[in-house]
2 protein chains.
Amino acid sequence: MRKPISDRADALPALAEVFRQHGYEGASLSLIGAATGLGKGSLYNFFPGGKEEMAEAVLAEIEAWFEERVFAPLREGGDVTAMFAAVEAYFRSGRRVCLVGALALADSRDRFAARVRRYFAEWVDALAAALAARGREPAAAREAAEDIVAGVQGALVLARALDEPAAFGRAVARLKARAA
Amino acid sequence: MRKPISDRADALPALAEVFRQHGYEGASLSLIGAATGLGKGSLYNFFPGGKEEMAEAVLAEIEAWFEERVFAPLREGGDVTAMFAAVEAYFRSGRRVCLVGALALADSRDRFAARVRRYFAEWVDALAAALAARGREPAAAREAAEDIVAGVQGALVLARALDEPAAFGRAVARLKARAA
DNA sequence: GTCTATACAGTGATAGAC
DNA sequence: GTCTATCACTGTATAGAC
């Protein structure tokens, strides 16, 4: 809520945070209004499709962020270390949850199934390509990529469940070593 | 719903399935009524505390199941292979989601925070004890235990997200090899 | 464009008939 | 004990004033 909100894009960070903290069903329009500082009038002006369109916009932004900062560098440069740095920063060292992962498990999972699947498929594909470029057999690279992506998601679950963000950092260190 | 429902315990499996599929907020009393075949009268007769008491009962049953079939064997016999077999069966080879993990990420996470934390803490502790009994250094055993528990949870997220249950089986195979 | 009012459905929960 | 009817409330979404 730091910057004045004059269009959809300005509202997305606050929106994303509400969905992350409360899930899709739990993110009521009152919570959304409070978090963004926008009334229902403005919200429906920006997002005529209502809450579903808000969530879609948030997911699209997340996907774009990862595409630019994680997937593309992985595919092009094969830079796995940079991925771990980006991921650790993005998830705030385990204090932030992965909205896409949460949506995959939760209530409204079929509503966003296509987007969720694409996000994870792209992540695994890009990481497998990077590992293959570093000399692994294609099949082994793909297994390792699945292992690492699942490891990140599981570490987020565990860190949140134990209320111990440091568990995420430990997991990332292990995964980094395994990827090297 | 196979057996006639005459007390709380009979309703728990159907209840658990509803919470797993729709999350806590998404599991409305109408869904719960349809899944259990019970009217609101019966439900509130069995669970005077309403939905929250239903979820608590489900979580307690899950915890008891894992305590008996997973945690205790790990602590006593150190049988890691049996854990993987139990886990693979319980999560239906990746077609079933972990309710405790889902609650850790989702909306109503603080409501069940204590139970969620205990479930994962016991799992990690028991597994670490088993790995230590198999000769690992205590610190390494604990790291490996965290790695494996997180790996299971992450594999469930990934399998569900990709809509590819087989990804769970592949992950379990990798984790099993890593534990050996 | 943004707010205030409100419509309408659906929620969890309760009361009372049987 | 179980169902039906109903409660008060909150949800999303819309309409209309400004």
Side-chain angles (χ1 to χ4, degrees), chain A residues 1-59 99 102-103 106-112, chain B residues 1-60 99 102-103 106-112 115:
Chain A
M1 240 190 314
R2 286 166 308 217
K3 48 170 73 173
I5 298 189
S6 52
D7 63 350
R8 282 171 57 124
D10 293 336
L12 287 184
L15 265 178
E17 211 47 39
V18 179
F19 283 123
R20 251 189 290 268
Q21 285 178 18
H22 300 92
Y24 180 75
E25 311 253 349
S28 68
L29 286 188
S30 359
L31 281 171
I32 291 173
T36 55
L38 295 170
K40 299 185 185 183
S42 312
L43 285 172
Y44 276 90
N45 180 38
F46 291 146
F47 305 94
K51 209 165 84 158
E52 184 155 356
E53 187 173 342
M54 301 180 206
E56 289 280 0
V58 166
L59 286 175
L99 176 59
L103 287 182
D107 33 15
S108 34
R109 102 176 72 98
D110 0 354
R111 196 187 303 240
F112 307 108
Chain B
M1 236 188 316
R2 287 166 306 219
K3 49 170 71 173
I5 297 189
S6 52
D7 63 349
R8 282 173 57 123
D10 292 336
L12 286 184
L15 265 178
E17 213 46 39
V18 179
F19 283 123
R20 250 189 290 269
Q21 286 178 17
H22 300 94
Y24 181 74
E25 311 253 350
S28 68
L29 285 188
S30 358
L31 280 172
I32 292 173
T36 57
L38 295 170
K40 297 186 185 184
S42 311
L43 284 172
Y44 276 89
N45 180 38
F46 291 146
F47 305 94
K51 208 165 84 157
E52 184 155 357
E53 188 174 341
M54 300 180 206
E56 289 281 0
V58 166
L59 286 174
L99 176 59
L103 287 182
D107 35 13
S108 34
R109 99 177 73 98
D110 359 354
R111 197 188 301 241
F112 307 108
R115 253 184 214 286

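The chains referred to below are lettered A, B, ... by the order of the sequence lines, with proteins before strands, and numbering in each begins at 1.
- Counting all heavy atoms, side chain and backbone alike, B:K51 lies closest to B:Y24 at NZ-O, 2.8 Å.
- In this structure, A:A14 and A:A35 approach most closely via the heavy-atom pair CB-O, 3.7 Å.
- When rounded to the nearest whole Å, the span between OH of A:Y44 and C1' of D:dA13 equals 5 Å.
- In this structure, the separation between CG on B:L43 and CE on B:M54 is 4.5 Å, given to the nearest 0.5 Å.
- Atom CZ of A:F47 and atom P of D:dT14 are 15 Å apart (whole Å).
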Could you pull out the protein-nucleic contacts involving nucleotides 9-11 of chain D (nitrogen or oxygen on both sides, under 3.5 Å)?
from: D:dG11; atom 1: OP2; to: A:S30; atom 2: OG; distance (Å): 3.4

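- Spacing between atom CE of B:M54 and atom P of C:dA13 amounts to 7 Å, rounded to whole angstrom units.
- Closest heavy-atom contact between B:A55 and B:F112: CB-CZ, 3.6 Å.
- Distance check, rounded to the nearest 0.5 Å: CD of A:E25 to CZ of A:R111 gives 6.5 Å.
- With a 4.5 Å cut-off on side-chain heavy atoms, B:E52 and B:F47 do not count as touching.
- More than 90° away from 0 lies the glycosidic angle of D:dA13, which makes this nucleotide anti.
- Only one option out of B:T36, B:D10, B:L38 pairs with B:L15 in a side-chain contact (heavy atoms from CB on, under 4.5 Å); it is B:T36.
- Across all their heavy atoms, B:A57 and B:R8 have their closest contact at CB-NH2, 3.2 Å.
- In this structure, the side chains of B:L29 and B:Y44 come closer than 4.5 Å at one or more pairs of heavy atoms.
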Look for any protein N or O under 3.5 Å of an N or O in nucleotides 1-4 of chain C and output each such pair with its distance, or none.
from: C:dT2; atom 1: O5'; to: A:S42; atom 2: OG; distance (Å): 3.3
from: C:dC3; atom 1: OP2; to: A:G39; atom 2: N; distance (Å): 3.1
from: C:dC3; atom 1: OP2; to: A:S42; atom 2: OG; distance (Å): 3.0

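- To the nearest 0.5 Å, the span separating CD on A:Q21 from CG on A:L99 amounts to 11.0 Å.
- When all heavy atoms of A:G26 and A:L31 are compared, the pair lying nearest together is O-CD1, 3.4 Å.
- Here the P atom of nucleotide C:dG12 and the CD1 atom of B:I32 are 7 Å apart, to the nearest Å.
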Next on the checklist: As a check on the pairing definition, encode DNA chain C in dot-bracket form, counting Watson-Crick and G-U wobble pairs whose two distances are under 3.5 Å, and using | for partners outside this strand.
Outcome noted: ||||.|||||||||||||

